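Throughout, protein chains are lettered first and strands after them, A, B, ... in sequence-line order, and every chain is numbered starting at 1. Only this structure's heavy atoms are used, side chains among them; waters, hydrogens and symmetry mates stay out. Everything quoted here is computed from the prediction, not taken from an experiment.
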Amino acid sequence: MNDIKFPLKVRFYKGNDMRYFSALDLVRVFERALRRTSLPLYFTKGFSPRVKMSFSRALKLGVEGEIEVTFYFTREISADELKGKLSSQLPDGLIMAD
Amino acid sequence: MLEWNNFRKPQRYMGNEWNVIKKSHDGRVRICLCYPNLYEIGMSNVGFRIIYSCLNSFKDVVCERSFMPDEDLYVYLREYKKKLFSLETKTALSDFEIVGFNFDYELNFTNFLAMLDASGIPLKSKERKDLIVLGGGVANPESLCEFVDIFFLGEFEEKAVSFVDIVRRYKNKEARLKALSEVEGFYVPSFYDVYRKGRRYVFEKKYKYAKLPINKVHVKDLDSSFSPVDWLTPYTSIAHDRAQIEIARGCPNKCFFCQARSVYFPYRERRPDRVLELADRIYEKSGYENISLLALSASNYSNIEGLIRDLADYCSERTIGLSLPSLRIEDVVDKLHKYLSRIKKVSATFAVEAATQRLRSAINKRIDTKKLMEAAKILRSLHSRHIKLYFMYGLPFEVDEDITAIKGFLEEIIRVSRLKVNVSVNVFIPKPFSHFENILMNSKEELERRRRLILNSIPKNRGIKASVALPYKSMLEAVISRAGRELSSLIYEAYMLGARFDADGERFNKHIWDEAFKRMGFDVNEYLSGETDNFPWSHIRVI
């Protein structure tokens, strides 16, 4: 198994109904959105592997603003490719920044 | 709009889930599908999802959803006189033409009244003008007859076309009810007179084209029946947080205490290639990281070995978790062992029901306990953390030795598996349509004595977690499930006294129900005595 991971840090704008989503909810939202794309996802190891991601800036619940997330892939992915595939899979109120 | 920050888990009320269906109301039949418990519970119900998607598959129908709001939102709505709304468009329930409720659990019934009340909808059927309250998912609907205009008994997807045809064609409530009552499975309580003649319940039609008896409806073929693919995917965690795929409906076993066997009769299977196709399409549309197979008895599935092999391949390629419902022990031991080791989470649930072979035979529960011990040993080598066991007490033919035998049984299973064991012990309820429907229930005092006996029979071991159901709540469940029409007034009284969330251990209030029973002069023992020649549900045929 290819165990090299390629991180990609991106920013999202969180507004409207997505304001009420906690970081934990967002993990679920991103994981499922990513799984709906054909992107080469990197999974965590262990009994229950999950799509690997990390949040560097969290927002208070109910507040609009920017969040920063790092995704991990098994090959290099450009921000444009990610945006092209992920944007249509994101709920209203979650927009990937350029 | 509400300030959502003030409420717990506001994601439950957003109605913005992935694959949600939003339509304009213009020119469409407007239906709101409701579940009388929290979002997390209702959204885990596969029947609810089938009906939601099925109704929305009609272009000229819009079907939205509503759930029982949590206490904070409920109190807010009542206090500020705001109406309970649908999730999709935040339309008041009272503005729909039809509101449909799922009544799969008796202890949700007061929540149903709370939801109507919070929407400004009159609780009693005869006090409503245009709006139709439709009920489904219930085996014996009689206790709800005063509140519900029309019931559907059986699997709704089979009659969805006829239903939509009629509500399209007739706009007047009376005309709609009459036309629907002529269709198999639909039951309009106000079209029948029910009275007692000695020890018999007598049913007479008031509308001559209504059906009598009323036959439950089932789909003939699971492969061609409606099954949702655009899986509604919540953003917040729910009770069963996975995509659920039905592999079979009904059960070929004949355990005498079981109601589900009759209610979901007959046993039908979905072809393995169709199960795989559904799994694939649902995953592509939802991205759900867990899939579970759904069946009353998965192990009876003809080709369970092939199905699990193929699904384990599919899931491991995509790093999807696969969980299996309770499997037959023989299968685990003889055939599935090698595939199960590839599945991340093997949930091992064994419904043993009784600790002695004598009592298991008396209730027709076929289970090979020698194999069970072998299975427990195998589970040790798999990724299992614990075993879940189900027992019952208060069963017919049960003697104290059957109860005290639980101790040795648990000790043995812990010895061979070295796993943690979760034991759940429920009270036997003589449910309508089960083989034991005419059996007396033990008195509360006797059940309490047996419960103490169980608590003393559970080994003092840190590896065992046990929950033993309380007699009072089970007896209430029994009363409501076996009730005739006169019981509507008891449910009404309990609701008026403040009963809500009766299914929730912490929120259940025994004193409210005691008071309601007292005020209405109902005798619990009379209800559970079975002293009739037939039953309040004798006009309904399930098999």
Side-chain angles (χ1 to χ4, degrees), chain A residues 1-3 5 12 14-53 59-65 67 69 71-74 82 85-95, chain B residues 1-20 22 40 73 87-88 90 230-238 241-243 280-291 315-323 341-347 382-385:
Chain A
M1 198 184 177
N2 185 1
D3 207 40
K5 52 179 187 282
F12 291 89
K14 192 173 87 146
N16 298 337
D17 288 346
M18 297 311 286
R19 276 179 298 161
Y20 306 107
F21 283 57
S22 66
L24 209 66
D25 291 329
L26 285 178
V27 170
R28 234 185 314 264
V29 172
F30 281 126
E31 166 154 8
R32 291 173 188 165
L34 286 165
R35 281 173 174 273
R36 291 192 293 264
T37 70
S38 52
L39 291 162
L41 308 175
Y42 182 90
F43 288 90
T44 61
K45 307 285 171 256
F47 267 178
S48 336
R50 304 298 299 249
V51 171
K52 189 171 170 63
M53 68 184 85
L59 279 170
K60 248 182 77 177
L61 223 61
V63 176
E64 300 203 359
I67 53 165
V69 191
F71 297 121
Y72 299 84
F73 301 98
T74 56
L82 177 66
K85 288 187 169 149
L86 189 59
S87 288
S88 61
Q89 300 299 327
L90 292 176
D92 283 347
L94 202 56
I95 301 156
Chain B
M1 202 64 263
L2 296 168
E3 183 40 70
W4 287 117
N5 271 342
N6 298 334
F7 300 96
R8 271 187 309 242
K9 289 180 118 191
Q11 304 94 319
R12 299 187 275 205
Y13 311 112
M14 301 281 122
N16 63 344
E17 300 98 321
W18 195 252
N19 292 324
V20 72
K22 290 192 182 180
E40 294 90 312
L73 179 59
L87 301 192
E88 281 79 358
K90 307 290 183 278
D230 295 322
W231 199 259
L232 204 47
T233 310
Y235 295 132
T236 187
S237 68
I238 58 172
D241 209 358
R242 46 200 167 253
D280 183 46
R281 290 174 66 191
I282 288 172
Y283 180 69
E284 297 278 314
K285 290 278 192 172
S286 69
Y288 236 118
E289 66 285 348
N290 279 305
I291 289 178
C315 290
S316 68
E317 273 167 34
R318 292 161 185 79
T319 326
I320 301 169
L322 175 64
S323 50
S341 63
R342 298 180 42 205
I343 297 171
K344 290 297 167 212
K345 279 181 207 139
V346 181
S347 65
L382 303 175
H383 300 297
S384 288
R385 301 220 179 107

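The CD atom of B/Gln11 lies 11.0 Å from the OH atom of A/Tyr20; values are rounded to the nearest 0.5 Å. The distance from the CZ atom of A/Arg35 to the CD atom of B/Glu284 is 12.0 Å, given to the nearest 0.5 Å. To the nearest 0.5 Å, atoms CG (B/Asn16) and CG (A/Asp17) are separated by 5.0 Å.
Ranking A/Glu31, A/Met18, A/Gln89 against chain B, the residue ahead of the rest is A/Gln89, based on heavy-atom pairs under 4.5 Å. Interface summary for chain B: among A/Leu26, A/Leu90, A/Thr37, the most heavy-atom pairs under 4.5 angstrom belong to A/Leu90.
For A/Arg50, the part sitting under 4.5 Å from any heavy atom of chain B is the side chain, from C-beta outward, and nothing else. In this structure, chain A has no heavy atom under 4.5 Å from any part of B/Lys9. Using a 4.5 Å cut-off between heavy atoms, B/Ser286 touches chain A through its backbone atoms (N, CA, C, O) alone.
Under the rule for a side-chain hydrogen bond (donor to acceptor under 3.5 Å, both in side chains), B/Arg318 has no partner lying at least two apart in sequence or in another chain. Annotation: salt bridge (charged side-chain N to carboxylate O under 4.0 Å, His left out) contacts of B/Asp280 (sequence neighbours excluded): none.
A 6.0 Å sphere centred on CZ of B/Arg281 holds no more than 12 heavy atoms belonging to other residues, nucleotides or ligands. More than 12 heavy atoms of other residues, nucleotides or ligands sit less than 6.0 Å from atom CG of B/Asn5.
For the pair A/Arg28 (side chain) and B/Tyr235 (backbone), a donor-acceptor distance under 3.5 Å is present.
Ion pair A/Arg32/B/Glu289 flagged as a salt bridge, since at least one NZ, NE, NH1 or NH2 atom sits closer than 4.0 Å to an Asp/Glu carboxylate oxygen.
Figure legend: cation-pi geometry between A/Arg36 and B/Trp18, with NZ or CZ positioned under 6.0 Å from the six-membered ring centre and within 45° of its axis.
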